[in-house]
Number of protein chains: 2
Amino acid sequence: MSSPRITLKDLAKELQLSPSTISRAIAGHPAISESTKKKVRKKAEELGFAPNSIAAGFRKKRTHSIGVIVPKIDVHFHSLVISGIEDLAYREGYNITIFQSKDSIDREKEIAKILQNRLVEGIIVCLSNETKSYTHFKKLVKLGVPIIFYDRVPSDFQANKVVIDDFGSAFKATEHLIEQGCRRIGHIAGNQGTPIFRHRFEGYKAALKAHKIPYNPNLVLETQNLSYEEGATSAHKLIALPQMPDGVFCSNDYTAISAVQVFQKSGFKVPEQIAVVGFSNYPISRVIQPNLTTINDRAFQMGEAAAKLLIRQIEDEDNAIDFETITLKTDLVIRESSLRKK
Amino acid sequence: MSSPRITLKDLAKELQLSPSTISRAIAGHPAISESTKKKVRKKAEELGFAPNSIAAGFRKKRTHSIGVIVPKIDVHFHSLVISGIEDLAYREGYNITIFQSKDSIDREKEIAKILQNRLVEGIIVCLSNETKSYTHFKKLVKLGVPIIFYDRVPSDFQANKVVIDDFGSAFKATEHLIEQGCRRIGHIAGNQGTPIFRHRFEGYKAALKAHKIPYNPNLVLETQNLSYEEGATSAHKLIALPQMPDGVFCSNDYTAISAVQVFQKSGFKVPEQIAVVGFSNYPISRVIQPNLTTINDRAFQMGEAAAKLLIRQIEDEDNAIDFETITLKTDLVIRESSLRKK
DNA sequence: CTGAAAGCGCTTACAG
DNA sequence: CTGAAAGCGCTTACAG
């Protein structure tokens, strides 16, 4: 059943030609005569020749392979980013090899080591949330492997990066609540050890300030993982305040949805008594009742942008282009959960 | 910045040893003296030697690489499967290279061609929904590349396969509705051109039969893609029937959730007046109100099982093991949307 | 237009 | 315990 693979040599012998000629004929080299090319291609087809692109890449020192490290593949945000990466890489003739760090720094280091040896031409990384130092990535850079970071990016590491405008998005979200008439606006925040969640918190505060609404730390609840459960706990705390908020900006959709449900179960009307805005535009946000107003974080575009930038760097022979940080604009997707003024 | 990669040869020159010895020392070959090994390892560390595993693989004719073709990465089911594949492959020392067919037969064929040339050691596939013939995969098999299919599998193709028990799951789901007192049970079905959805439909009918409930074709609505929108349309049709159903089994969670919402908006109580069961146990199903009863389709386990079976086949030197179809058992996850008897 | 030769970075059977 | 040699399947500079 599994006949041994046909090689250039086999074809050469069969056709009484040299392997060089076969190689050139297959590659469509202009120096080869049309008649030879035709003959070679016919025979190749006949024998089921499949060129060994690993061998070719090995010879040419290219693998056309990009390594991708994500915390977890099945987190919708990451699967969307990967989808964007795959799409662009495919168009550009690159393959993507995927690893999940599972938010473990040890696993991330192991993967970095594997990647050193597998000669990927570049790497796209979203840091594990345990990652504080980057020596494992520095080694790769020293070996000449370009690395680009997305979303969770290191601040003190020279590299290409793609992030979304967390500050600006949070500002927009909060401002929207203000425009809808909210004056006591709460915030369910992510882990403040993580820059992106800190930026969202900053954006929230900045929007309040811009609209001369005093910042009230009692209305801000920090969570560990922005889990559905923590969303509920936080919502209960907000309700229990002497004066509860009339709007909440949540750092992701899970906490937002969970908060909406707690408010409703406790007899408050959303958005009339309390308006809610989430962050990420998960599919669920347009399904839940009321539909959730949220930030479209453009995960697919983020993947595309990361792959594009990385490939540019890979193909930038003389290393002429400087590092760059792309900040993707986001949209506020306004739905029912925040819409008081129709 | 990017110093050229150190090779075995460089190390050999540096240490006045032969490349053979270096190679063996790095690999921990027993014939090499401890002192030499120590010396080599020290120097390797010092010079930042990263063995070129592509070259080694090329020499040994191994890539330790598995190709994965899925319709879309960002569909939660597939991202969970991929996660399971990655997890097991990682433990076994394999990398996974991912492609999305985007449900296009043309793209699937292109990918199959790429995979022929990239010398993956095996392939895991969920067929595009356009795929009717399998010549592109037959070529790969002829080249000696094992292929395993999951979920959407070809019926007339000899290969390892992993599927879930669609028939049994649908039977279980429908029987559960009957046990909850439903007597007029509807079904929102997937595209009947796709075997898995046909099997679910069969399971539904079989459960009715087993409980002596007459099958009524008016209660069954076939959809194209089981989309959220089609769920709503179907629900409206069910409501419009002269006698509407008191329970619905839906072939996925999207249609189920959308149906629940339509029923509620139309003033019907779920589950009291109409009970609903979905299929897939998407994260959203435990968040929606009421929580959705659904089938846990064990996507992660499916990925693990596929990778395990594939690797077994890869490493089965003398090709002694016969093809196998693994049918994964599923759980009915009972939640509020169907629970009438507390 | 075609071919002979060298070599990409490893491993391994053979020899000592 | 260590080394010299061959070779995995290609590509490409050099030669004719």
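Proteins come first, then strands; the chains are lettered A, B, ... in the order of their sequence lines, and each starts at number 1. For clarity, every value in this text was computed on a predicted model and none was experimentally measured.
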Hey, which of these two, Thr21(A) or Lys37(B), hits DNA chain D nearer its 5' end, going by closest nucleotide?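 Final value for this comparison: Lys37(B).
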May I have the distance from [X] (atom [atom1]) to [N] (atom [atom2]), rounded to whole angstrom?
X	N	atom1	atom2	value
Leu8(B)	dT2(D)	CG	C1'	15 Å
Ile26(B)	dC10(C)	CD1	P	9 Å
Ile22(B)	dC1(D)	CD1	P	16 Å
Leu11(B)	dT2(D)	CG	C1'	16 Å
His29(A)	dG3(C)	NE2	C1'	13 Å
Arg118(A)	dC10(C)	CZ	P	14 Å
Lys39(A)	dC1(C)	NZ	C1'	12 Å
Ile6(A)	dC10(D)	CD1	C1'	15 Å

For residues 50-57 of chain B, tabulate all N or O donor-acceptor pairs below 3.5 Å that involve a side-chain atom, not counting sequence neighbours.
| residue | atom | partner | partner atom | Å |
| --- | --- | --- | --- | --- |
| Asn52(B) | OD1 | Ile54(B) | N | 3.0 |
| Asn52(B) | OD1 | Ala55(B) | N | 2.9 |
| Ser53(B) | OG | Asn117(A) | O | 2.8 |

Pairing string, 5' to 3', for DNA chain D - Watson-Crick or wobble contacts under 3.5 Å, brackets [ ] where pairs cross, | to another strand: |||.||||||||.|||
Spatial distance of atom CD1 (Ile105(A)) from atom CG (Asn129(A)) [nearest 0.5 Å]: 10.0 Å
Inter-residue atom distance His64(B).NE2 - Ile311(B).CD1, 0.5 Å rounding: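 One finds 10.0 Å between NE2 of His64(B) and CD1 of Ile311(B).
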Per [X] side chain, nearest of listed nucleotides [options]:
X	options	answer
Arg24(A)	dC8(D), dT12(D), dC1(C)	dT12(D)
Ile32(A)	dA5(C), dA5(D), dT2(C)	dT2(C)
Leu17(A)	dT2(C), dC8(C), dC8(D)	dT2(C)

For a quick test of reading the model: is some side-chain N or O of [X] closer than 4.0 Å to OP1 or OP2 of [N]?
X	N	value
Ser18(A)	dG3(C)	yes
Lys61(B)	dG9(D)	yes
Thr36(B)	dC1(D)	no
Ser33(A)	dC1(C)	no

Any carboxylate oxygen within less than 4.0 angstrom of a Lys/Arg side-chain nitrogen, looking at [X] and [Y]?
X	Y	result
Asp87(A)	Arg107(B)	yes
Lys43(A)	Glu46(A)	yes
Lys161(A)	Asp151(A)	no
Lys42(A)	Glu45(A)	no
Arg91(B)	Glu304(B)	yes
Glu324(B)	Arg312(B)	yes

Does anything in residues 42-58 of chain A reach DNA chain C, meaning a heavy atom under 4.0 Å, and if so which residues? Phe58(A)
Which class fits the ring pair Phe157(B) and Phe137(B): parallel under 30°, tilted 30 to 60°, perpendicular over 60°?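 Judged by the thresholds at 30° and 60°, the geometry between Phe157(B) and Phe137(B) is perpendicular.
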Using a cut-off of 4.0 Å on non-hydrogen atoms, how would the nucleic acid contact of Ser23(A) be classed: base, sugar-phosphate, or nothing? base
Sugar-phosphate only, base, or nothing, as touched by Thr7(A) at under 4.0 Å among non-hydrogen atoms: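 It contacts sugar-phosphate atoms only.
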Between Pro19(A) and Pro30(A), who's closer to the 5' end of DNA chain C by nearest nucleotide?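 Going by which nucleotide is closer to the 5' end, it is Pro30(A).
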